[in-house]
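Here is the structure we will look at.
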Amino acid sequence: MESLGFHPNATSYNILIESLGNVGRTLEADSIFQEMKKSGFEPKVRAYNVLLRGFLRKGLLGLAYNVLNEMYQTKIARNQETFELLLEYYIGARRLEDTWFVIAEMKAEGFTLNSHIYSKVIGLYRDNGLWRKALELMREMTEMKIPLDRWVYNGIIDTFGKYGELNEAVTMFGNMQREGIKPDVVTYNSLILWHCKSGNVDMALEFFTRMQEEGLYPDPKIFIAIISRLGEEGKWDLIKKNFENMKHRGLWRSGAIYAVLVDIYGQYGRFQNAEEWVLALKSEGVQLSANMFCALANGYAQQGLCEQTVKVLQLMETEGIEPNLIMLNLLINAFGIAGRHLEALSIFHHIKEIGISPDVVTYSTLMKAFIRAKKFDQVLGIYEEMQSAGCTPDRKARELLQTASGVLEKRQGRGSKP
């Protein structure tokens, strides 16, 4: 176009700026924006918003503020989209005071928040412990006759649940349905999670069942919360019943769901024979994975059942799945809990011999095994080896070192007394 002597008009410039901005090419959009101004055209608020959105998404706050400053100097009035872009950024960055400031400016200039922004502000209040402020926002929406959508209801239900107001959360759930708004996975996840955490597992199971009746697939994390709580209470019949219900509804072919069951059952000693577990999963047509084997091994390892943990490792290899570092760390843990620190050490050496680099979990698990065996002086050597291998100690490793050092100092103190 330019080679023929033609030049883009204002509309063409705006379209090009917006197109580049929409695919994340913000600096190129800014370049076209500058060229547009040099050509004598005045960009409209839409072009400014494109640049503002791009700079905010990339965290280029200095450039974003430059855009806002230029809008002010050229007297380009900010519109609804400008304010919403700022709110989206400040809410996402958890900047509460900046969010309040923008909302105040927005209202002063006659703009209103839409339901999507309201829901995000409610979430920000929830995360900052201001659940009463969240309720004020909901009342404000009602007064302004802004319809409460699923986003807002989900935010309020989760806020009530987080702060223990479960009756209010259930009431809000009923209001949501009466207004013809269908609950989604997020709605049910909140209700199930917070009822589980409060110890009301019966109500959590009721929502879990209703969720499935609505044709919604349970989130594995929520399934973990329910099954873990039932496992703690020893309600194995209820675990079995709910799992059978999931199978009946066709929601059972999930490796994550089986891995949860394996982990929970293993921790409470419900799997006496690892081979039976493998055969049972195969009969269900479930694809065995390294994660599943590790979940089963974890259940045995936490009880110090070394032979069963080793058996899981052997079954894993039989299925053609290479043992990973997680599995070998679990084996170290099993021997450590059983008080067999030398065998734990042999697994550690095996890890290095087969070319796998031990991680911080490997070292801290081995340190814990030696502490259990009261070999405190050797714990310091393991910690030093971890550092020399370039592995950064985490909080757990530092605590184990402190424990061992404290015992050694006490021993030395006693030895120095006459």
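- Listed by chain and number, the residues in a salt bridge (Lys or Arg N to Asp or Glu O under 4.0 Å) with K396 amount to none (sequence neighbours excluded).
- Every residue was checked against the ring pair (Phe, Tyr, Trp, His ring centres under 6.0 Å) condition with Y89, not counting sequence neighbours, and none meets it.
- Judged purely by atom type and a 3.5 angstrom limit, R150 has no side-chain atom pairing as donor or acceptor with the backbone of I181.
- By the side-chain contact (heavy atoms from CB on, under 4.5 Å) test, D158 is found to be paired with R126, S190, W194, residues two or more places apart in sequence or in another chain being considered.
- Counting only residues at least two apart or in different chains, side-chain hydrogen bond (donor to acceptor under 3.5 Å, both in side chains) contacts with residues 348-362 comprise N329-D359, N329-T362, K352-E385, D359-T362.
- Taking 4.0 Å as the cut-off between side-chain N and carboxylate O, R53 and E81 count as a salt-bridged pair.
- Listed by first and then second residue, the side-chain hydrogen bond (donor to acceptor under 3.5 Å, both in side chains) pairs that reach into residues 62-76 are K37-E70, Y48-E70, Y65-Y90, sequence neighbours excluded.
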With a cut-off of 3.5 Å and sequence neighbours excluded, list every side-chain donor-acceptor pair involving residues 398-405.
residue	atom	partner	partner atom	Å
R398	NH1	P393	O	3.0
E399	OE2	R395	NH1	2.7
T403	OG1	E399	O	3.0
S405	OG	L401	O	2.9

Could you go through residues 16-27 and list every donor-acceptor pair under 3.5 Å that involves a side-chain atom there, pairing it with any protein atom two or more places apart or in another chain?
residue	atom	partner	partner atom	Å
E18	OE1	R46	NE	2.9
E18	OE1	R46	NH2	3.0
E18	OE2	R46	NH2	3.1
S19	OG	I15	O	2.8
N22	ND2	E18	O	3.2
R25	NE	E28	OE1	2.7
R25	NH2	E28	OE2	2.9

Please set out all donor-acceptor pairs under 3.5 angstrom arising from side-chain atoms of residues 365-384, sequence neighbours excluded.
residue	atom	partner	partner atom	Å
T365	OG1	V361	O	2.6

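- Partner I332 forms a side chain to side chain contact (heavy atoms under 4.5 Å, CB included) with one of I347, T309, L345 and no other, that one being I347.
- The salt bridge (Lys or Arg N to Asp or Glu O under 4.0 Å) test applied to R210 returns no partner, not counting sequence neighbours.
- Residues passing the side-chain contact (heavy atoms from CB on, under 4.5 Å) test with V45, sequence neighbours excluded: N49, M71, I76, N79, T82.
- Under the salt bridge (Lys or Arg N to Asp or Glu O under 4.0 Å) criterion, E206 pairs with no residue at all, not counting sequence neighbours.
- Listed by first and then second residue, the side-chain hydrogen bond (donor to acceptor under 3.5 Å, both in side chains) pairs that reach into residues 334-343 are E307-R340, R340-E343, sequence neighbours excluded.
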